[in-house]
Amino acid sequence: MNLIFGPAGNEELFYNSGFKSTVDSAKYITKMGLFAFEYPFTHGIRLSDETAMKIGESFSKERVRLSIHAPYYINITSPNPEILERSEKYLIRSLQMGKLMNADRIIFHPGSSKKEDRKVLLDRSIAFLENFIYNNINIINGIKLCPETHGKKVSIGDIDEILKMCKVYPDIFLPTIDFAHIYAVNGGQLNNEDDFTRIFEKLPHEKLHIHFSQIEFSDMGEIRHRSLNSGFGPPIDAFLSSLITNHIKARVIVETPGTQSKDAKILLDRYLELEGKNGKSL
């Protein structure tokens with residue numbers, strides 16, 4: 001299958017239906033036709049090793065591809081050695097949890113440092129990644145490290161910057177393309193199929209890691225992710241049509257808070273409609 005869809009974390013209905021643990025998430029989403037899940041360690045890694053292994057076993061049993069979102073506290077652009085040291089520890093711990101959970105991708109934001117030139121931040125980020133791989137190659141274990149496109153203008157991580165980071169070790173790094181973030185930092189300039197295609201033409205021809213949701217933004221960029229079809233962009237049909245036209249192979253993760261599985265199912269169903277050329281405009 002060229003495309004699989006899934007949520008980032010558990011939606012509200014998961015808990016309202018009586019489920020209490022992510023050990024049960026794989027069964028919950030496969031019943032919806034979803035075969036990808038992103039575990040959010042975004043606010044810290046507090047999972048025990050024992051529970052991590054149980055989650056990994058349950059996702060492997062249901063054949064759901066699992067990725068991990070590393071903590072937001074990572075900042076590989078910083079000039080502060082203590083922050084860089086903590087960032088390395090967060091990435092190492094994410095990789096260790098990834099191995100326990102049978103995850104194959106670790107997603108992370110490069111970060112930001114105010115009042116410094118973007119080229120300085122990018123060069124510092126690339127130097128960090130080169131050293132990180134040199135010092136920790138023994139714990140990579142085939143897991144892809146996936147820097148994500150930024151949602152705020154102050155952060156490092158536009159598409160070209162992310163692609164330069166991934167060139168450090170192309171066999172280890174894979175870009176995470178968050179179309180909501182791209183839409184936000186470009187002031188809503190992502191509106192038709194050609195806009196999406198111009199981005200796909202820049203990307204490597206392998207299975208991509210994509211985040212898609214709709215988003216509220218300001219002049220500074222991202223404010224918050226929004227549920228699909230709630231009056232925000234980027235447009236769903238233009239995104240899905242570009243995936244189909246360009247024969248994109250990817251894992252598409254939906255980050256809308258509270259409705260992420262429902263929204264991933266909306267994307268899957270609409271994708272199948274458009275692929276069958278039976279779709280009507282949303």
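This one's a predicted model, so the numbers in the text were calculated from it and none came from an experiment.
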**Asked** Short question: side chain of Glu62, backbone of Lys27 - any donor-acceptor pair under 3.5 Å?
**Response** no

**Request:** Consider only side-chain N and O atoms of His209 and Arg105, and report whether a donor and an acceptor are under 3.5 Å apart.
**Result:** yes

**Shortest non-hydrogen separation from Asn75 to Ile83 and the atoms involved** = O-CG2, 3.7 Å

**Asked** Would a hydrophobic clustering, with Ile, Leu, Val, Met, Phe, Trp and Tyr connected at side-chain separations under 4.5 Å, put Val23 with Met97?
**Response** yes

**Item:** Exam field: side chain Arg118 to backbone Ser155, donor-acceptor pair closer than 3.5 Å
**Value:** yes

**Request:** Mark yes or no for whether Asn141, through its side chain, and Ile143, through its backbone, hold a donor-acceptor pair below 3.5 Å.
**Result:** no

**Min side-chain heavy-atom separation Ile106-Leu95 under 4.5 Å** = yes

**Message:** Does Lys262 have more than 12 heavy atoms from other residues, nucleotides or ligands lying within 6.0 Å of its NZ?
**Reply:** no

**Asked** Heavy atoms, side chains only, cut-off 4.5 Å: are Arg224 and Ile215 in contact?
**Response** no

**Prompt:** Does NZ belonging to Lys99 count more than 12 external heavy atoms closer than 6.0 Å?
**Reply:** no

**Asked** Can a donor-acceptor pair be found between the side chains of Gln96 and Asp49 at a distance below 3.5 Å?
**Response** no

**Asked** More than 12 non-hydrogen atoms from neighbouring residues, nucleotides or ligands closer than 6.0 Å to CG on Asp219, yes or no?
**Response** no

**Request:** To the nearest 0.5 angstrom, please state how far the CD1 atom of Ile244 sits from the OH atom of Tyr271.
**Result:** 5.5 Å

**Prompt:** Less than 4.5 Å apart, any side-chain heavy atom of Glu193 and any of Thr197?
**Reply:** yes

**Common cluster, Leu208/Val252, ILVMFWY with side-chain heavy-atom separation under 4.5 Å** = yes

**Request:** Could you tell me the separation between the SG atom of Cys146 and the CD1 atom of Ile210, rounded to the nearest 0.5 Å?
**Result:** 12.0 Å

**Prompt:** Going from CG on Leu228 to CD1 on Ile266, what distance comes out if it is rounded to the nearest 0.5 angstrom?
**Reply:** 5.5 Å

**Asked** Counting distance only, does the side-chain N/O of Ser230 pair as donor-acceptor with the main-chain N or O of Arg226 below 3.5 Å?
**Response** no

**Message:** Quick one, Lys114 with Val154, criterion side chain to side chain contact (heavy atoms under 4.5 Å, CB included). Give me CA distance, side-chain angles, the key distance, then yes/no.
**Reply:** CA-CA 7 Å; Lys114 294 180 180 178; Val154 69; 4.1 Å; yes

**Message:** So does Asn2 get a backbone contact from the side chain of Lys249, meaning a donor-acceptor N/O pair under 3.5 Å?
**Reply:** no

**Prompt:** Just wondering, do Ser242 and Phe200 contact through their side chains at under 4.5 Å, heavy atoms?
**Reply:** yes

**Asked** Can you tell me how far CG of Leu145 sits from CD1 of Ile140, rounded to the nearest 0.5 angstrom?
**Response** 5.0 Å

**His109 vs Glu148 side-chain heavy atoms within contact, under 4.5 Å** = yes

**Asked** Are any of the side-chain nitrogens in Glu85 or Lys89 under 4.0 Å away from the carboxylate oxygens of its partner?
**Response** yes

**Request:** Compare all side-chain heavy atoms of Ser227 with those of Gln214 and state whether any distance is below 4.5 angstrom.
**Result:** no

**Prompt:** What pair of heavy atoms forms the shortest contact from Leu174 to Lys207, and how long is it?
**Reply:** CD2-O, 3.6 Å

**Fill in**
dist Asp263:CG -> Phe5:CZ (nearest 0.5 Å) comes out at 12.5 Å

**Request:** Determine, using the 4.5 Å side-chain heavy-atom cutoff (strictly less than), whether Ile253 and Leu66 are members of one ILVMFWY cluster.
**Result:** no

**Request:** Sequence neighbours left out, what pairs pass ring pair (Phe, Tyr, Trp, His ring centres under 6.0 Å) with at least one residue falling in residues 155-174?
**Result:** none

**Closest heavy-atom pair and its distance - Asn102, Gly56** = ND2-O, 3.3 Å

**Request:** Looking only at non-hydrogen atoms, find the nearest pair between Ala180 and Pro234 and report the distance.
**Result:** CA-CD, 4.1 Å

**Message:** For His43, is there any backbone N or O sitting under 3.5 Å from a side-chain donor or acceptor partner on Tyr73?
**Reply:** yes

**Asked** Any idea how Phe37 and Phe59 line up, ring-wise: parallel (<30°), tilted (30 to 60°), or perpendicular (>60°)?
**Response** tilted

**Prompt:** Looking only at heavy atoms, what is the nearest atom pair of Phe108 and Ile74, with distance?
**Reply:** CB-CD1, 4.1 Å

**Request:** Is it possible for you to say whether Val254 and Leu272 belong to one hydrophobic cluster, with membership spreading through side-chain heavy-atom contacts below 4.5 Å?
**Result:** yes

**Item:** Under-4.0 Å salt bridge between Lys265 and Asp269
**Value:** yes

**Partner of His211 by side-chain contact (heavy atoms from CB on, under 4.5 Å), out of His225, His181, Arg251, Glu38** = Glu38

**Message:** Could you check whether any side-chain N or O of Asn186 sits under 3.5 Å from a backbone N or O of Tyr183, counting only pairs where one atom can act as donor and the other as acceptor?
**Reply:** no

**Message:** By the definition side-chain hydrogen bond (donor to acceptor under 3.5 Å, both in side chains), identify the one residue from Ser113, Ser87, Ser112 that meets it with Thr77.
**Reply:** Ser113

**Asked** How many angstroms lie between atom CD1 of Ile223 and atom CZ of Phe232, to the nearest 0.5 angstrom?
**Response** 8.5 Å

**Item:** Donor-acceptor pair, side chain of Thr51 and main chain of Ser48, under 3.5 angstrom
**Value:** no

**Beyond-backbone contact of Phe196 with Ser241, side-chain heavy atoms, under 4.5 angstrom** = no

**Message:** When you measure from the side chain of Glu161 to the backbone of Asp158, do you find a donor-acceptor pair of N or O atoms at a distance under 3.5 Å?
**Reply:** yes

**Message:** With heavy-atom distances below 4.5 Å as the criterion, would you say the side chains of Phe212 and Ile236 are in contact?
**Reply:** yes

**Message:** Under the criterion ring pair (Phe, Tyr, Trp, His ring centres under 6.0 Å), I'd like the reasoning laid out for Phe41 against Tyr39: C-alpha separation, chi angles, the key distance, then a yes or no.
**Reply:** CA-CA 6 Å; Phe41 284 125; Tyr39 193 98; 4.7 Å; yes

**Item:** Set of side-chain hydrogen bond (donor to acceptor under 3.5 Å, both in side chains) partners for Thr149, sequence neighbours left out
**Value:** none

**Request:** Could I get the full list of side-chain hydrogen bond (donor to acceptor under 3.5 Å, both in side chains) partners for Glu11, not counting sequence neighbours?
**Result:** Tyr28

**Asked** Has Tyr134 got more than 12 heavy atoms of other residues, nucleotides or ligands less than 6.0 Å from its OH?
**Response** no

**Prompt:** With a 3.5 Å cut-off and no angle check, do the side chains of Thr22 and Asn10 form a donor-acceptor pair?
**Reply:** yes

**Message:** Looking at every heavy atom in both Ile182 and Ile159, which two are closest together, and how far apart are they?
**Reply:** CD1-CD1, 3.7 Å

**Prompt:** Is atom CZ of Arg65 surrounded by more than 12 heavy atoms (other residues, nucleotides or ligands) closer than 6.0 Å?
**Reply:** no

**Asked** Step by step, would you call Ile107 with Ile68 a side chain to side chain contact (heavy atoms under 4.5 Å, CB included)?
**Response** CA-CA 6 Å; Ile107 319 306; Ile68 285 174; over 6 Å; no

**Transitive ILVMFWY side-chain link Ile92 to Leu129, under 4.5 Å** = yes

**Request:** Say whether, by atom type as modelled, one donor and one acceptor occur between the side chain of Ser218 and the main chain of Met220 under 3.5 angstrom.
**Result:** yes

